[in-house]
Asks: 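Would you mind keeping the following structure in view while I ask a few things?
It should be emphasised that the depicted structure is a prediction, and the values quoted were computed from it without experimental measurement.
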Amino acid sequence: MRRLNPKKLLLSKWTAVNPVNKEKHFLVRGLVKPESDQLPIEQFELEAVHSGRIQIIHWRDLQDEGLWLQGWK
């Protein structure tokens, strides 16, 4: 399992291992602010490059190499 720093994920590029609707390449577009400033950031907005569709993902899901590859492959 790869190690990631959630603070450095903004604007990083990712490739879905199992693309859906021709959406293979993604960009971490923004972060989802927690309800309280005391809580850590855990979720990010992931934008599909092909369609522009936005999905919310927990940053730890990006550690699963069976789902996501770092960079655009």
Side-chain angles (χ1 to χ4, degrees):
M1 188 173 279
R2 73 173 67 90
R3 295 180 51 92
L4 297 173
N5 182 344
K7 294 178 183 177
K8 295 184 178 182
L9 287 177
L10 194 60
L11 300 179
S12 61
K13 298 174 183 177
W14 295 88
T15 300
V17 172
N18 299 310
V20 176
N21 298 327
K22 298 181 183 178
E23 296 174 341
K24 180 177 180 178
H25 297 118
F26 292 82
L27 184 68
V28 176
R29 188 182 102 149
L31 52 100
V32 177
K33 300 267 185 185
E35 293 179 17
S36 168
D37 290 337
Q38 306 302 324
L39 296 173
I41 296 169
E42 294 184 348
Q43 295 182 324
F44 287 86
E45 292 180 349
L46 207 58
E47 180 179 3
V49 175
H50 177 71
S51 67
R53 185 180 65 85
I54 303 289
Q55 66 183 15
I56 304 296
I57 187 171
H58 193 285
W59 74 270
R60 291 181 193 259
D61 291 344
L62 295 175
Q63 291 179 307
D64 186 347
E65 293 179 0
L67 297 174
W68 297 100
L69 301 173
Q70 197 166 16
W72 289 343
K73 312 282 187 232

Asks: Transitive ILVMFWY cluster of W72 at side-chain heavy atoms under 4.5 Å: who else is in it?
Replies: V49
Asks: Anything under 3.5 Å between a donor and an acceptor, one on a side chain of residues 15-26, the other on a protein residue two or more places apart or in another chain? List them.
Replies:
| from | atom 1 | to | atom 2 | distance (Å) |
| --- | --- | --- | --- | --- |
| T15 | OG1 | G71 | O | 2.7 |
| T15 | OG1 | K73 | N | 2.9 |
| E23 | OE1 | R53 | NE | 3.0 |
| E23 | OE1 | R53 | NH2 | 2.6 |
| E23 | OE2 | S51 | OG | 2.5 |
| E23 | OE2 | R53 | NE | 3.2 |
| H25 | NE2 | K73 | O | 3.2 |

Asks: Check residues 37-47 and write down every donor-acceptor pair under 3.5 Å in which the side-chain atom is one partner and the other belongs to a residue at least two apart or another chain.
Replies:
| from | atom 1 | to | atom 2 | distance (Å) |
| --- | --- | --- | --- | --- |
| E45 | OE1 | R29 | NE | 3.3 |
| E45 | OE1 | R29 | NH2 | 3.4 |

Asks: Under a single-linkage definition using a 4.5 Å side-chain heavy-atom cutoff for Ile, Leu, Val, Met, Phe, Trp and Tyr, are W68 and L31 assigned to the same hydrophobic cluster?
Replies: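 Linked within one cluster.
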Asks: What distance separates E65 CD from L67 CG, expressed to the nearest 0.5 Å?
Replies: 10.5 Å
Asks: As an exercise, state the distance from CG of L69 to CG of L62, rounded to the nearest 0.5 Å.
Replies: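 Between atom CG of L69 and atom CG of L62 there are 11.0 Å.
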Asks: Report the residues that fulfil side-chain hydrogen bond (donor to acceptor under 3.5 Å, both in side chains) with W14, sequence neighbours left out, ordered by chain and then residue number.
Replies: S12
Asks: Can you list the other members of the hydrophobic cluster that holds V32, where links are side-chain heavy atoms under 4.5 angstrom apart?
Replies: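 Same cluster as V32: I56.
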